[in-house]
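Following: one structure in structure tokens, then a few remarks.
Remember, predicted model here, so these are calculated numbers, not experimental data.
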Amino acid sequence: MKNIKKALLATSMAGALVVSAGYGTYSWFTSSTQAAGSIQNGTLSVNNGQTITTKLFDGARFAPSQVIWGNMVTLDNTGDLDQTLKLTYNASVDKAPATPYKIMYIAFKSKTMPTQDELLDWRIQWEKGFFNGNFNPNAMAKNGQVSTLPAGVQVVTGEATLDDVQAAAAVRTAVNADGTKKYKIGNDEFFTLKSDEYISIAFDVKMDDNAGNEYQGAKYDGNLQVQAKQTDFGSKYDK
């Protein structure tokens with residue numbers, strides 16, 4: 001009889017366990033992981049893509065052997081990508097070829113936006129030897145012809161290279177002899193503009209002594225086009 005009671009008790013307890021498991025609340029230890037990514041594109045912009053309102057120069061009653069000083073125009077990297085600049089300067093004269101006109105430029109590169117007074121001061125120092133035929137900044141510095149610019153300010157000056165002049169002459173002869181001249185500047189280290197840098201450049205125009213009477217009353221026009229391209233490997237402009 002005792003054995004029968006034990007068996008019944010054991011059976012009853014087993015049933016209680018089953019019932020308890022069936023009505024309980026389940027819970028487990030858990031873990032998870034995830035990953036995400038996004039890419040924000042950079043922006044490439046020079047002067048916000050807006051036309052520069054400052055005139056390159058403005059003159060009247062121009063005559064042989066005279067020089068017009070150009071105004072400083074500043075190029076600003078308004079994007080967040082480093083950029084290589086290519087400057088194309090086109091010159092034309094309404095009544096005759098632009099051959100007797102010489103173009104000389106001076107450009108300063110700086111980390112802060114220079115004031116017009118600062119640019120004028122820098123320019124005076126560098127142009128002391130400019131029209132004496134010395135367009136090489138290194139040579140000018142070596143000869144002691146210039147004062148020291150503020151720290152971090154770089155300068156480059158020059159005239160259209162002989163190759164440019166010859167190429168322009170070939171175009172005038174071979175194509176339509178319209179007398180226009182085109183100068184290409186930039187595409188080098190100096191004209192690589194970081195996001196926190198500025199380049200201020202001015203073009204001076206000189207009419208040669210040998211300009212004839214056909215230039216009386218003529219109108220000279222200069223136009224500057226600036227292109228910007230990102231500086232990744234292989235992104236240089238074609239010559």
A202: side chain to side chain contact (heavy atoms under 4.5 Å, CB included) partners, not counting sequence neighbours:
M72, I106, R123
Do you know the tightest heavy-atom contact between F190 and I199?
O-CD1, 3.6 Å
CG (D221) and CZ (F57) are apart, to the nearest 0.5 Å, by 8.0 Å
Among all residues two or more places apart in sequence or in another chain, which pass the salt bridge (charged side-chain N to carboxylate O under 4.0 Å, His left out) test with D82?
K194
Among residues at least two apart in sequence or on other chains, which ones pass side chain to side chain donor-acceptor pair (under 3.5 Å) with T74?
S200
The criterion is side chain to side chain donor-acceptor pair (under 3.5 Å); which residues satisfy it with D80, sequence neighbours excluded?
T43
Check P64 against A211 and note the closest heavy-atom contact, atom names and distance.
CG-O, 3.9 Å
Would you sort out whether V205 and I103 count as a side chain to side chain contact (heavy atoms under 4.5 Å, CB included), showing the intermediate values?
CA-CA 5 Å; V205 182; I103 308 301; 4.0 Å; yes
Where F191 and A107 come nearest, the two heavy atoms and their spacing:
CZ-CB, 4.4 Å
With clusters defined by side-chain heavy atoms of hydrophobic residues (ILVMFWY) lying less than 4.5 Å apart, directly or transitively, does I124 cluster with V67?
yes
Out of curiosity, Q230 CD to Q83 CD, how far, rounded to the nearest 0.5 Å?
10.5 Å
All pairs passing side-chain hydrogen bond (donor to acceptor under 3.5 Å, both in side chains) where residues 50-65 contributes a residue, at least two apart
none
On a heavy-atom basis, which atom in D204 and which in W69 lie closest, and how many Å separate them?
OD1-CA, 3.4 Å
Which pair of non-hydrogen atoms, one from L56 and one from G222, has the smallest distance, and what is that distance?
CD1-O, 3.9 Å
Could you pull out all donor-acceptor pairs under 3.5 Å where a side-chain atom in residues 33-41 meets a protein atom, sequence neighbours excluded?
none

Say you draw a straight line from OG1 of T84 to CG of L193; how long is it, rounded to the nearest 0.5 Å?
9.5 Å
Start with the C-alpha distance between M207 and Q66, add both sets of side-chain angles, then the distance that settles side chain to side chain contact (heavy atoms under 4.5 Å, CB included), and finish with yes or no.
CA-CA 6 Å; M207 190 190 301; Q66 293 184 349; over 6 Å; no
What residue pairs, at least two apart or across chains, pass side-chain hydrogen bond (donor to acceptor under 3.5 Å, both in side chains) with a residue in residues 207-220?
Y89-Y220, N213-Q216
Exercise: identify the closest heavy-atom pair between L119 and P114:
CD2-CG, 3.6 Å
Does the side chain to side chain contact (heavy atoms under 4.5 Å, CB included) test come out yes or no for L85 and V226, once each step is laid out?
CA-CA 7 Å; L85 302 180; V226 181; 4.3 Å; yes
The side chain to side chain contact (heavy atoms under 4.5 Å, CB included) partners of T78 (sequence neighbours excluded) come to S45, N48, D76
Which hydrophobic side chains are connected to L44, either touching it within the sub-4.5 Å cutoff or through other members that do?
L81
Is the shortest heavy-atom distance from the side chain of K229 to the side chain of K86 under 4.5 Å?
no
For T115, side chain to side chain contact (heavy atoms under 4.5 Å, CB included) partners two or more places apart
D117, E118
Given the rule that I, L, V, M, F, W and Y join up when any side-chain heavy atoms are under 4.5 Å apart, are Y198 and L87 in one cluster?
no
Nearest 0.5 Å, please: how far is CG in N77 from CD in E197?
8.5 Å
D196 meets the salt bridge (charged side-chain N to carboxylate O under 4.0 Å, His left out) criterion, sequence neighbours left out, with K111
Looking at CH2 of W122 and OG of S110, how far apart are the two atoms once the value is rounded to the nearest 0.5 Å?
4.5 Å
